[in-house]
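First listed ligand is number 1; within each ligand, the first listed atom is number 1.
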Amino acid sequence: MKVAVFNTHKFEKDFLIRANDGRYELKLLDFFLGIDTPELALGCEAISIFTQDQATAEVLDKLKAIGVKYIALRCAGYNNVDIQHARQLGIRVVRVPDYSPNAIAEFTVAIILALNRKLIRSHYRIMEMNFSLDGLVGFDMNGKTVGIIGTGKIGRIVAKILHGFGCKIIAYDLVRNQEIIDAYEVKYTELDTLYKEADIITLHAPLTKLTQYMIYAKTIAIMKKGVMLINTGRGGLVQTQDVITALKSGQIGYFGLDVYEEEKGLFFEDHSEDILLDDTIARLMTLRNVMITSHQAFLTDTALKNIAKTTIENLECLEKGLPCENEVV
Ligand code: NAI
């Protein structure tokens, strides 16, 4: 079977080639899947895509017309695929639901610590021979209240790590997880209570109609003044302009983001030769209490190995016409 792998990044190529071990003819493409690129999959029964590719109804129609039967997502989220339309066309869609929640949880804590202890700023100071400590005062994590929104695979590991720091963990989720209540003394609360009580709020819920823009002017207003907000979930959970307003007033004291609602076409790419046209991220980049990373939380060798392995296993299931536990239905 021939597989068009859209949007292949340098960092994942070797992992994919190794996991495939010659089984499929992989056509590794640098291009995104979008309205102008489905034809690149001509002659392929399957395609593989990543978070920033767009499999809209129109794109799916084009893929179907050239004989594509399967889509293997190399990520967990599938909000970039019109699943209902794929189903109507008989295109089967599989994903990698679980590749390393530890990677994302650990990165979340890394952002919290880097922002709190001003590590990036202090590093740059040293590079300039400035060994002063003024302006670098942080806070003890021990005893702080952390609000975790979404206690699924990632959120519960964040709870475990931060419990180790001596933080008091409060959480909000549609489903309560008894294990983390027992093991890490997590206290589930109403969302408003979490907003009111947390010193640090970290987002680990999926982007849905319910969660879109859950962080906006009204919810920010009830948070503790100077709260730290961390988003390694999805950009759309946050109304970025409202967060900027709150950062300017000091209502939000720190903002760490690994995801951004306008990240498509920006994150994952080298734009160092370009003129930055996005005024929102440009404003965020000027603020010292903001830390931006480029959707990097998942990026560990363990995660990349698991993504590649599961993607190839998913393709095998599809090719053999077998039911696949990772199928999106
Ligand atoms: P998961 O499915 O294991 O957990 C999500 C949790 O959110 C579940 O417990 C669910 O009940 C809860 N939830 C759903 N709707 C909610 C709502 N309206 N309010 C509160 N909680 C709600 O997913 P996992 O693996 O923990 O991933 C969480 C999110 O992290 C993903 O949806 C994805 O957006 C993001 N992610 C980010 C990555 C990165 O590199 N920055 C990589 C992988 C995932």
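Using a 4.0 angstrom heavy-atom cutoff, G233 counts as in contact with ligand 1. Residue contact check for ligand 1: I104 places a non-hydrogen atom closer than 4.0 Å to it. Taking a 4.0 Å cut-off on heavy atoms, F107 fails to register as neighbouring ligand 1. Under a 4.0 Å heavy-atom criterion, T232 is in contact with ligand 1.
Taking every non-hydrogen atom of D258 and a distance limit under 4.0 Å, the qualifying atoms of ligand 1 come out as 39 (C), 40 (O), 41 (N). Proximity to Y99 (heavy-atom distance under 4.0 Å) selects the following atoms of ligand 1: 42 (C), 43 (C). With ligand atoms numbered from 1 in the order given, ligand 1 contributes 7 (O), 21 (N), 22 (C) to contacts under 4.0 Å with heavy atoms of A205. The T151 neighbourhood of ligand 1 comprises atoms 9 (O), with distances under 4.0 Å to a heavy atom of that residue.
For the pair K153 and ligand 1, the shortest N or O to N or O distance falls below 3.5 Å. Where the criterion is an N or O separation shorter than 3.5 Å, residue side chain and backbone included, V175 fails it with respect to ligand 1. At a 3.5 angstrom cut-off on N or O pairs, T211 does not count as close to ligand 1. Close N/O approach between D173 and ligand 1 is found [any backbone or side-chain N/O within under 3.5 Å].
In summary, the side chains of S100 and N102 do not present any donor paired with an acceptor at a separation below 3.5 Å, with no hydrogens or angles considered. Looking only at atom types and distance, the side chain of N177 has no donor-acceptor partner in the side chain of Y188 under 3.5 Å away. Side-chain contact check for T240 and E261: at least one donor-acceptor pair (N or O, by modelled atom type) lies under 3.5 Å. Side chains of T202 and H204: a donor on one and an acceptor on the other come within 3.5 Å. Under 3.5 Å, the side chains of T151 and Y172 contain no donor-acceptor pair of N or O atoms. Between S48 and R74, the side chains place a donor N or O and an acceptor N or O closer than 3.5 Å (distance only, hydrogens not considered).
Scanning the protein for heavy atoms near atom 15 (N) of ligand 1, the closest one is L174 CD1, 3.6 Å. Here the heavy atom of the protein found nearest to atom 31 (C) of ligand 1 is P206 CA, 4.5 Å. For atom 26 (O) of ligand 1, the closest non-hydrogen atom of the protein is I154 N, 2.9 Å. Here the heavy atom of the protein found nearest to atom 34 (O) of ligand 1 is R234 CG, 3.1 Å.
Residue contacts with ligand 1, taken as heavy atom pairs separated by less than 4.0 Å, involve H204 solely via the backbone atoms N, CA, C and O.
For H85, the ring-ring contact (aromatic ring centres under 6.0 Å, His included) test picks out no residue, with sequence neighbours left out. For F11, the ring-ring contact (aromatic ring centres under 6.0 Å, His included) partners at least two apart in sequence or on another chain are H9.
Not less than 6.0 angstrom separates the ring centroid of F50 from the ring centroid of F32.
Taking the six-membered ring where tryptophan is involved, the planes of Y184 and H163 are tilted, since the angle between them lies from 30° to 60°.
Listed here is the closest heavy atom pair of I111 and G256: CG2-CA, 3.8 Å.
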